[in-house]
Number of protein chains: 2
Amino acid sequence: MKKVSESTIARLSVYLRLLTELAAAGVTTLASGELARRCGTSAAQVRKDLSFFGTFGKRGLGYSVPELTEALRGILGLERRWRVALIGAGKIGAALMAYQDFRRQGFDIVAVFDADPARVGTEWQGLVIQRDADLETSLQGIDIAIVAVPASAAQGVVNRVVAADVRAILNFAPTKLDVPEHVAVKTVNMALELEGLSYALVNEARGARRVTSRPAASRG
Amino acid sequence: MKKVSESTIARLSVYLRLLTELAAAGVTTLASGELARRCGTSAAQVRKDLSFFGTFGKRGLGYSVPELTEALRGILGLERRWRVALIGAGKIGAALMAYQDFRRQGFDIVAVFDADPARVGTEWQGLVIQRDADLETSLQGIDIAIVAVPASAAQGVVNRVVAADVRAILNFAPTKLDVPEHVAVKTVNMALELEGLSYALVNEARGARRVTSRPAASRG
DNA sequence: GTTTGTGAAACGATTCACAGCT
DNA sequence: AGCTGTGAATCGTTTCACAAAC
């Protein structure tokens, strides 16, 4: 098969979200140009992204909204439901538990773990928080682990998650994780995004003052 | 003027986090290879990233941890503190408020807004939730707006944020935002990350080849 | 000896442009 | 006519490789 970049997959998710919205609004057909405009990319990009997986459009007409929706759901593996375990019942964990949108998209949080004995046994959104010590056994049948523990604990937790044969991890700890090649990891790092904004702000200011436009001295 | 990619800036943040950790552990000197290994990238990438901003190392020796730390803080604009407003006091907002790490990195949440009259006036982590209607006036002096409102409300909020002359936005709404060119936007989209994991899982099952990836994990 | 800084090469992703359907 | 699908061209990023510095 072919190699598909992560950015293509990310865009497919964005396309799918728009299509779902349009379908609810009764739109039945859509051209790549309009899809691109609404998703912040280009028509050629849309067509190239889709071309990795097949041909879904009708020349002269565009794409059928329900058909493309189904195709994207299939490509992204959203035709089934995924069993998700949340590890770490702190603030981030609480926000995730409450965020019902995940369930709507096919991700069911079916287990919650925490290392704090004071939290273990309490009920949370209909789930009883389990002991961290039970991770290995209780992760049977789990597809995706959400790691929402402090950075210092993350690698240890991940090692145990991997040992339990979970092959996908959504990581909220601001740290690099070592995992075997067959395990997929996505990291959400809000501090990093904020620092990107900080850079943009100072850089805009520096650029306006043209401080950086001075030619570099001859290099040695 | 130099053009630096967003991935370079993201990596600089990662380098800085490691350096801060190493400095606390008393490490004084570090070579690009070791920095790269600990951050999941390559030595050449580290040196190229830094080279956009100057020369910071000593040949034959490596980098001074405190000096490079200071340099990175300067590049990323972290030598000052930033005034952040949180718009939307729901679950995500609550998690962000509680996440003290932002403050430690120089980002102070100094105002909170919500559209729900039941929430307005309540105190939250030492801040009184303000009326959404007061956004325009109360955003004076704010550097960064965190948008944590439903997708359907996000563009409207963003328009008002931009009108209030805020030039950086951290967006948690799963929707495309239109902003003028001089406004920087970073989006955090957890559903999208989960769908990326879903794709990885079904794709592995389908026996397809690996997705091209960024600073992937795993090395030995 | 070691390690940096950097042009040049290699690689990967995006955009172009047009043939081929509807 | 309008729009897709795709090879070719372009653009940007990463890796290579080595001279210069310590």
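Residue numbers begin at 1 in each chain, while the letters A, B, ... track the order of the sequences. Values in this document were obtained by computation on a predicted structure and should not be read as measured data.
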Return no unless some side-chain N or O of [X] is found under 4.0 Å from OP1 or OP2 of [N].
X: A:Gln45; N: C:dT15; answer: yes
X: A:Ser7; N: C:dT14; answer: yes
X: B:Ser32; N: C:dG5; answer: no
X: B:Tyr63; N: C:dG5; answer: yes

How long is the line joining [atom1] of [X] and [atom2] of [N], in whole Å?
X: A:Phe56; N: C:dT22; atom1: CZ; atom2: P; answer: 17 Å
X: B:Arg11; N: D:dT14; atom1: CZ; atom2: C1'; answer: 8 Å
X: A:Phe52; N: C:dG12; atom1: CZ; atom2: C1'; answer: 10 Å
X: A:Lys3; N: C:dG12; atom1: NZ; atom2: C1'; answer: 7 Å
X: B:Asp49; N: D:dT15; atom1: CG; atom2: P; answer: 10 Å

message: Show, in sequence, the C-alpha distance, side-chain angles and deciding distance for A:Glu79 and A:Arg73, and conclude whether the salt bridge (charged side-chain N to carboxylate O under 4.0 Å, His left out) test is met.
response: CA-CA 6 Å; A:Glu79 278 164 337; A:Arg73 287 177 52 77; over 6 Å; no
Using atom types as modelled, flag every donor-acceptor pair under 3.5 Å from a side chain in residues 149-156 of chain A to any protein atom, sequence neighbours excluded.
residue, atom, partner, partner atom, Å
A:Gln155, OE1, A:Asp178, N, 2.8
A:Gln155, NE2, A:Asn159, OD1, 2.7
A:Gln155, NE2, A:Asp178, O, 3.0

field: Donor-acceptor contact below 3.5 Å, side chain A:Thr69 vs main chain A:Val65
entry: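 Side chain of A:Thr69 to backbone of A:Val65, a donor-acceptor pair under 3.5 Å: yes, one is there.
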- prompt: Measuring from B:Leu50:CG to B:Arg11:CZ, what's the distance to the nearest 0.5 Å?
  reply: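 Answer rounded to 0.5 Å: 10.0 Å.
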- prompt: When rounded to the nearest 0.5 angstrom, what is the spacing between CG in B:Leu86 and CZ in B:Phe172?
  reply: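 One finds 9.0 Å between CG of B:Leu86 and CZ of B:Phe172.
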- prompt: At how many degrees, to 10°, do the end axes of the helix from C:dG1-D:dC22 to C:dT22-D:dA1 meet when each uses five pairs?
  reply: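 Helix axis angle between the two ends: 10°.
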Verdict with reasoning, A:Thr175 to A:Leu177, per side-chain contact (heavy atoms from CB on, under 4.5 Å): CA-CA 6 Å; A:Thr175 187; A:Leu177 298 177; 4.0 Å; yes
- prompt: When you check every protein heavy atom under 4.0 Å of nucleotides 6-11 of chain D, what one-letter string (B, S, -) results, 5' to 3'?
  reply: BBB---
query: Between A:Leu61 and A:Thr8, which has a closest nucleotide on DNA chain C that is more 5'?
result: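 Checking each residue's closest nucleotide, the 5'-ward one belongs to A:Thr8.
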task: Going by the side chain to side chain donor-acceptor pair (under 3.5 Å) test, name the single residue among B:Arg83, B:Arg81, B:Arg80 that passes it with B:Asp143.
output: B:Arg80
- prompt: Does the side chain of A:Asp101 pick up a donor-acceptor pair with the side chain of A:Gln105 at under 3.5 Å?
  reply: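 A:Gln105 and A:Asp101 do not have a side-chain donor-acceptor pair below 3.5 Å.
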task: Answer yes or no: is there an ion pair linking A:Lys186 with A:Glu6, defined by an N-O contact shorter than 4.0 Å?
output: yes
